[in-house]
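What follows is one structure encoded as structure tokens, with my remarks underneath.
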2 protein chains.
Amino acid sequence: MAKSRASIRDVARESGVSLTTVSLILNKNDQRISDPTRQRVLQAMERLAYTPSRLARGLPNRRANTLAVLVPALQNAFADVYFGEIISGIYEAAATRGYRILLEVARREYVRRKEYITLLDDCSVDGIFFIGATAEHRWLKDLDGSDRPVMIVNNHFKQWALNWVACDYPQAGRLAADRLVDLGHRRIGHICGPSDLVETSRELTEAFVGRLAERGVRLGSSMIVEGKFLVDIGKLACDELLARDPGLTAIFASNDKMAIGAYQSLRAHGRQPGVDVAVIGCDDIPNAALTEPPLSTIRLNFFEVGATSCRALLDMIEGKIDADSKPYHERTPVSMVTRGSCCEAASIVSA
Amino acid sequence: MAKSRASIRDVARESGVSLTTVSLILNKNDQRISDPTRQRVLQAMERLAYTPSRLARGLPNRRANTLAVLVPALQNAFADVYFGEIISGIYEAAATRGYRILLEVARREYVRRKEYITLLDDCSVDGIFFIGATAEHRWLKDLDGSDRPVMIVNNHFKQWALNWVACDYPQAGRLAADRLVDLGHRRIGHICGPSDLVETSRELTEAFVGRLAERGVRLGSSMIVEGKFLVDIGKLACDELLARDPGLTAIFASNDKMAIGAYQSLRAHGRQPGVDVAVIGCDDIPNAALTEPPLSTIRLNFFEVGATSCRALLDMIEGKIDADSKPYHERTPVSMVTRGSCCEAASIVSA
DNA sequence: GATCGCTGGTAAACTGTTTTACTAAAACGG
DNA sequence: CCGTTTTAGTAAAACAGTTTACCAGCGATC
């Protein structure tokens, strides 16, 4: 038994054909080989337990058949539902098209050395996803307008021309506004995300306020409080809103965690969420269905965002989309999930 | 400007040396090149913005400088603190030694096609980690006794000879037993994990019961209830224990989630955890410090398990450990974290 | 003064694949 | 029967590195 694995040459020798023939058979697209020959070669492969080397395969056309996912260097980035779902979606789409996923963390050193550029330049990877990117990540400007196959997942930036795929946050804002107005709410509070860093968060708020206005409900800026997507912050924000308008009948939070924080605040103020005050969240995290009352929310399909952005990036890489033209933009659909927490305004006895 | 990137040949030409010389300089270990030459070459690299291709580099010696992490196809494997911490540890250790991390999910098709073998055979990867592996994953026997660079993280198997690194669960069991006995507890319940699937879980229980026995406390099998590591299950298990011995004064759960479940059960039975019944968990998940009362627990450093297993695997790959000999085994240290939930037995007024 | 060993470097073979350009033989059309 | 396609296949040049074996020049040794 030979120490080293069989190569394409061994297969060629074993089946008495040229190595070109074997290669052609390997890349099934080419139909120039007769069936008998093909069979002979396939059998030889079988006998020799031949597996083509990815490394060698990538060399001639500089393709690694691998994509990288770059996540920010947060405490437990890998242990977060949000990132987890996006990565799962990317993985799924990549796997079905024969690509692998490389994991990279944007540590300080990593960014300083511009490793995300090296990654592409040294042929380790055919494209990169950036997840959890915010306007704070100034170094993204390195990629501004470049034709490198790079995709921002679930955010975008006015200042840099980059490809992105994100949930349809404007639509999410409109859905929440419509629902609250339909239920008769007029005195509404909104807990928004950090609009200066996260463009999608700004969109959401803008669309929400805009649609309310269209339907005749004016939401003053005093009834919009900003928070950084955490439960505790949601609680504080809601405290603030209640202080500003004790008579509010509904709250829309930009993510579920803050909505859950709002629950806590409401209870602390003797209000029952879903009875005294309607609450709508956004994201539909697994926990949303388990709260008491179950949280009505806008479902953002993060898995889908991951999968969609992956398909788009692969299309660019494989030349199915003209990458040289404009940056690629796409929004994935969102939907309203009605659970117990959004009651009618009419039923509320005003304070 | 040339369309394609600079290659090692371009650098050689630019600096007037042979390509061998450039290669030697690239692989810094070789000191045969004089300093002036080295400088000249380095400057040429700089001028040409040269980045060596990983693909081409790996080809001659069949090294991808990449490791794969294989996770089970669970609902949200990537969104779990446990996996997240291990992966972070692996990532850290791999990055400092110049290796990349590939993510793989052990889906049904993936396993059927033995892709984890292909991965190594096609030179995509130099080694593989299996995390979340249990005895249910029968296909692990494919690797039994093989000299492939494969590492089981935080579990092991009697039936298969495989490399593994895991937390020192026996020590964890002894620490918990000692602590409870020291505090005067004699009537103790234990919620264990699925011992038939997870060997480390069996070890933990065995060591816990063994040490109790050594110290004169007999824990009958009726006071050991098995559960699958979830909060709800912990609650049910604790209900069961309370039914079997309403006078128990302490509970040791094999993981923190189940300990938190036990809290719920205790409260439902009018017992206050940390006051009426001592509770010790295991893992030290982030949430453990935030429960009321804060959970005393055995700290298992999952990040460290990941990092340690990675260092070991790399040593094997790089030949620093004789891989042909025995499978590699190592246990990483654990420690007791004392918080509010483990009270003295003496203070408890027996029911 | 021939031999030895060291220093600094090079030529050429090798890794395992893809791809382009070519050819021999068979089939076909008029 | 001759020229043209078509079919089935091949040789050789990439791809971008590593590695082995070798060599010229030089000072030291005997």
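Keep in mind that the numbers below use all heavy atoms, side chains included, and drop hydrogens, waters and symmetry copies. The chains referred to below are lettered A, B, ... by the order of the sequence lines, with proteins before strands, and numbering in each begins at 1. Quick caveat, the model's predicted, so the values are computed rather than measured.
Summarising the geometry, the separation between CZ on R63(B) and C1' on dG17(D) is reported as 15 Å, rounded to the nearest angstrom. In this entry the distance linking CZ of R32(A) with P of dA26(C) reads 18 Å, nearest Å. Atoms CD (Q39(A)) and P (dA8(D)) sit 14 Å apart, rounded to a whole Å. A straight line from CG of L59(A) to C1' of dG16(C) spans 8 Å, rounded to a whole angstrom. Atom-to-atom, CG of N27(B) to P of dG17(D) comes out at 11 Å; the value is rounded to the nearest Å. Atom CZ of R9(A) is separated from atom P of dC14(C) by 10 Å (rounded to the nearest Å). Summarising the geometry, the separation between CZ on R5(A) and C1' on dT17(C) is reported as 11 Å, rounded to the nearest angstrom. With rounding to whole Å, R38(A) atom CZ is found 13 Å from dT7(D) atom C1'.
With sequence neighbours left out, K320(A) forms a salt bridge (charged side-chain N to carboxylate O under 4.0 Å, His left out) with E318(A). Residues passing the salt bridge (charged side-chain N to carboxylate O under 4.0 Å, His left out) test with D144(B), sequence neighbours excluded: none. Legend: residues meeting salt bridge (charged side-chain N to carboxylate O under 4.0 Å, His left out) with E199(A), ordered by chain and number and at least two apart, are K158(A), R202(A).
Sorted by first and then second residue, the salt bridge (charged side-chain N to carboxylate O under 4.0 Å, His left out) pairs involving residues 303-314 of chain A (not counting sequence neighbours) are E304(A)-R311(A).
No engagement by V22(B) is indicated, since no non-hydrogen atom pair under 4.0 Å with the nucleic acid exists. Among the protein residues, S7(B) comes within range of the sugar-phosphate backbone only, with heavy atoms under 4.0 Å from sugar or phosphate atoms but none that close to a base. Backbone-only contact: S34(B) has heavy atoms under 4.0 Å from sugar-phosphate atoms and none from a base.
Both T37(A) and P60(A) lie near DNA chain D, and the one whose nearest nucleotide falls closer to the 5' end is T37(A).
Side-chain contact annotation: S18(B) with T21(B), donor-acceptor N/O pair under 3.5 Å present. With hydrogens and angles left out, the side-chain atoms of Y328(A) and D315(A) include no donor and acceptor closer than 3.5 Å.
For T21(A) and dA8(D), the shortest distance from a side-chain N or O to OP1 or OP2 is not below 4.0 Å. The phosphate of dG9(C) has neither OP1 nor OP2 within less than 4.0 Å of any side-chain N or O from T20(B). Contact between the side-chain N/O atoms of R62(B) and the OP1/OP2 oxygens of dG16(C) is found at a separation under 4.0 Å. Proximity of S18(A) to the phosphate of dG9(D): no side-chain N or O atom is located under 4.0 Å from OP1 or OP2. One finds a side-chain N or O of N61(A) lying less than 4.0 angstrom from the OP1 or OP2 phosphate oxygen of dT19(C).
Taking every heavy atom of both residues into account, L74(B) and F83(B) meet most closely at CD1-CE1, 3.8 Å. Closest approach of A64(A) to R54(A), counting heavy atoms only: O-NH1, 4.3 Å.
At least one side-chain heavy atom of E104(A) sits less than 4.5 Å from a side-chain heavy atom of R100(B).
In the region residues 50-58 of chain B, proximity to DNA chain D at under 4.0 angstrom, judged on heavy atoms, holds for Y50(B), T51(B), P52(B), S53(B), A56(B), R57(B).
The rotation axes computed at either terminus of the helix from dG1(C)-dC30(D) to dG30(C)-dC1(D) lie 50° apart, taking five pairs at each end and rounding to 10 degrees.
Classification of the F130(A)-Y116(A) ring pair by plane angle, with boundaries at 30° and 60°, yields perpendicular.
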